[in-house]
Amino acid sequence: MRHLNAWKINDHMLIRSLARNKEVSSHPHLKPEAAAISIAYMTYLASSGNAQSIEPTGIGKAATKYLHTHYKHPPASHKFIKKLRDDNAAMTCTMCGSPNCGTLDHVLPKAIYPEFSLFSANLVPACLCNNKRNNIYRGKAGERVLHPYFDDFMNERLVTCRFRDHDRAPSIEIVNNLAASDENFAAVEFHINNVVKKSAIIGSLRRDWGTLARKPSLINSNLGTTPASKVHLARILSEELYKSDDRQESKNSWLSIFVSGLLEDVTLDWLFSRLTAPGRRDDDPLIEKI
């Protein structure tokens, strides 16, 4: 999960140009719908992409089919679609926080909102979590998917994790970091349940935990030696969290979620007790078998 600046695309001009283009398969089917699509674009922007505030336009089946086809095979007028996908392929996923993207997600699903199939403001770089979410985009009042272009609060730490049963294969819970009274709590909770938790994040966190337990220095080189105190350990992990946030350009990448979970009091206490266990040598495993 991360906030991203939207590309500056003149979508109104592009949809009009596409509707007039006699060389594409959609001509003349898009022409009667172009004005309605352009108005829908304005409504989307005025609503800041908020899924609770935008209703489908209800364009015809023929136009829907051609818009879907043009997304799959972008015409020259919409060549930005391929560039948006390719330029962000190695970046942190804007929707779930995984280490890379590789595809694009329609924030408002194109199956329900075909008018936004080619709309740049509705297309965000994402990973395979795109397929896991399917067409889920909103729930009850306040519940909706977050929008990487419009939700500036995605720059804050919205997601952390909680480890329990530390001495065995730990249980891992993905946790909303906002207070329940926060105005964005419901939206973040909905996004966590319908996007983040459906990704491969638990497997990633479990792998990183295994690495930490086997050889702590692989998570941070300073963990290769015994910390002088719990405060010293917290400082090491806080610095690692800062670096992760900066490196991944997100406070909600899978790596940042992992490190922030290590700083939770119960886990920090366990980690310090294992790092300072009697007879344990520097960089030994934290538990006997991992």
Side-chain angles (χ1 to χ4, degrees), residues 1-2 92-93 96-99 129 154-182 185 188-189 191-193 195-290:
M1 295 167 58
R2 67 185 177 105
T92 300
C93 177
C96 78
S98 76
C129 68
M154 291 181 77
N155 283 319
E156 302 306 315
R157 199 171 310 285
L158 303 178
V159 189
T160 185
C161 66
R162 184 176 295 138
F163 298 101
R164 291 296 182 266
D165 300 321
H166 304 86
D167 290 319
R168 300 185 292 275
S171 62
I172 305 173
E173 180 185 3
I174 307 300
V175 181
N176 188 337
N177 199 47
L178 296 182
S181 58
D182 191 288
F185 179 88
V188 172
E189 189 75 6
H191 192 94
I192 288 172
N193 289 333
V195 180
V196 180
K197 286 184 178 180
K198 291 183 178 181
S199 71
I201 186 172
I202 293 295
S204 176
L205 296 176
R206 199 175 298 282
R207 183 193 64 222
D208 287 342
W209 179 269
T211 300
L212 172 69
R214 176 173 55 85
K215 195 174 182 65
S217 65
L218 294 177
I219 296 299
N220 182 289
S221 60
N222 290 316
L223 295 178
T225 56
T226 303
S229 65
K230 182 181 171 184
V231 171
H232 181 210
L233 174 60
R235 187 182 305 121
I236 291 171
L237 293 175
S238 295
E239 290 175 355
E240 181 64 31
L241 182 59
Y242 174 81
K243 290 177 182 178
S244 172
D245 293 345
D246 194 28
R247 191 163 55 242
Q248 304 294 323
E249 298 183 79
S250 170
K251 292 182 178 179
N252 301 290
S253 71
W254 289 0
L255 182 56
S256 289
I257 291 171
F258 172 72
V259 179
S260 67
L262 299 181
L263 282 160
E264 188 253 346
D265 283 342
V266 174
T267 297
L268 189 64
D269 285 341
W270 178 88
L271 185 55
F272 182 67
S273 71
R274 296 310 305 150
L275 287 167
T276 58
R280 179 184 174 274
R281 296 171 301 179
D282 287 346
D283 219 21
D284 271 358
L286 299 181
I287 57 179
E288 290 184 3
K289 293 182 180 180
I290 189 68

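Because the structure is predicted, anything quoted here is derived from the model rather than measured.
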Give, for atom CG of Asn222 and atom CZ of Arg235, the distance between the pair rounded to the nearest 0.5 Å. 11.0 Å
Report the relative orientation of the aromatic rings in His166 and Trp209; use parallel for angles under 30°, tilted for 30 to 60°, perpendicular for over 60°. tilted
For Leu286 and Arg280, what are the C-alpha separation, side-chain angles and deciding distance, and is it a side-chain contact (heavy atoms from CB on, under 4.5 Å)? CA-CA 8 Å; Leu286 299 181; Arg280 179 184 174 274; 3.8 Å; yes
Where do Cys96 and Trp254 come nearest, in terms of heavy atoms and distance? O-NE1, 3.0 Å
Determine whether Lys251 and Asn177 make a side-chain contact, defined as any pair of heavy atoms from C-beta on separated by less than 4.5 Å. no
The reported gap from CZ in Arg164 to OG1 in Thr267 (rounded to nearest 0.5 angstrom) is 5.5 Å
Are Leu212 and Leu223 packed together at the side-chain level, in the sense that at least one heavy-atom pair is separated by less than 4.5 angstrom? yes
Which heavy-atom pair separates Met1 from Val196 by the least distance, and what is that distance? SD-CG2, 3.6 Å
Please tell me if the side chains of Ser199 and Ser98 come closer than 4.5 Å, counting only heavy atoms from C-beta onward. no
Check: Asn176 side chain, Val188 main-chain N or O, donor-acceptor pair, under 3.5 Å: no
Report yes if the side chains of Asn155 and Arg2 come closer than 4.5 Å at any heavy-atom pair, otherwise no. no
Kindly give the heavy-atom pair with the smallest separation between Thr92 and Ser253, and that separation in Å. CG2-CB, 4.0 Å
When rounded to the nearest 0.5 angstrom, what distance separates CG in Leu271 from CG in Leu262? 6.5 Å
Keeping Thr211 on the side-chain end and Arg207 on the backbone end, is there a donor-acceptor pair under 3.5 Å? yes
NE2 of His191 to CE of Met154: how many Å apart, nearest 0.5 Å? 5.0 Å
Would you compute the distance between atom CG of Asp283 and atom OG of Ser221 and round it to the nearest 0.5 angstrom? 10.0 Å
Under the 3.5 angstrom rule, does the side chain of Asp246 hit a backbone N or O of Tyr242 as a donor-acceptor pair? no
Atom NE2 in His232, atom CZ in Phe272: separation rounded to 0.5 Å? 10.0 Å
Minimal heavy-atom distance between Leu241 and Ser260, with the atoms involved, is CD1-N, 4.0 Å
Under a 3.5 Å distance rule, please check whether Asn252 uses its side chain to pair with a backbone N or O of Glu156 as donor and acceptor. yes
What I want to check is whether the side chains of Ser244 and Ser256 have a donor and an acceptor closer together than 3.5 Å. yes
Answer yes or no: is there a side-chain heavy-atom contact under 4.5 Å between Val266 and Phe163? no
So among Glu240, Lys243, Glu239, which one has a side-chain hydrogen bond (donor to acceptor under 3.5 Å, both in side chains) with Asn220? Glu240
Over all atoms of both residues, closest heavy-atom pair of Asp167 and Ile287: O-CD1, 3.9 Å
Check whether Arg162 reaches the backbone of Val175 with its side chain - one donor and one acceptor, N or O, closer than 3.5 Å. no
Closest contact, heavy atoms only, Leu255 versus Arg247: CD2-NH2, 3.6 Å
Note, Leu233 side chain near Thr276 side chain (heavy atom, < 4.5 Å): no
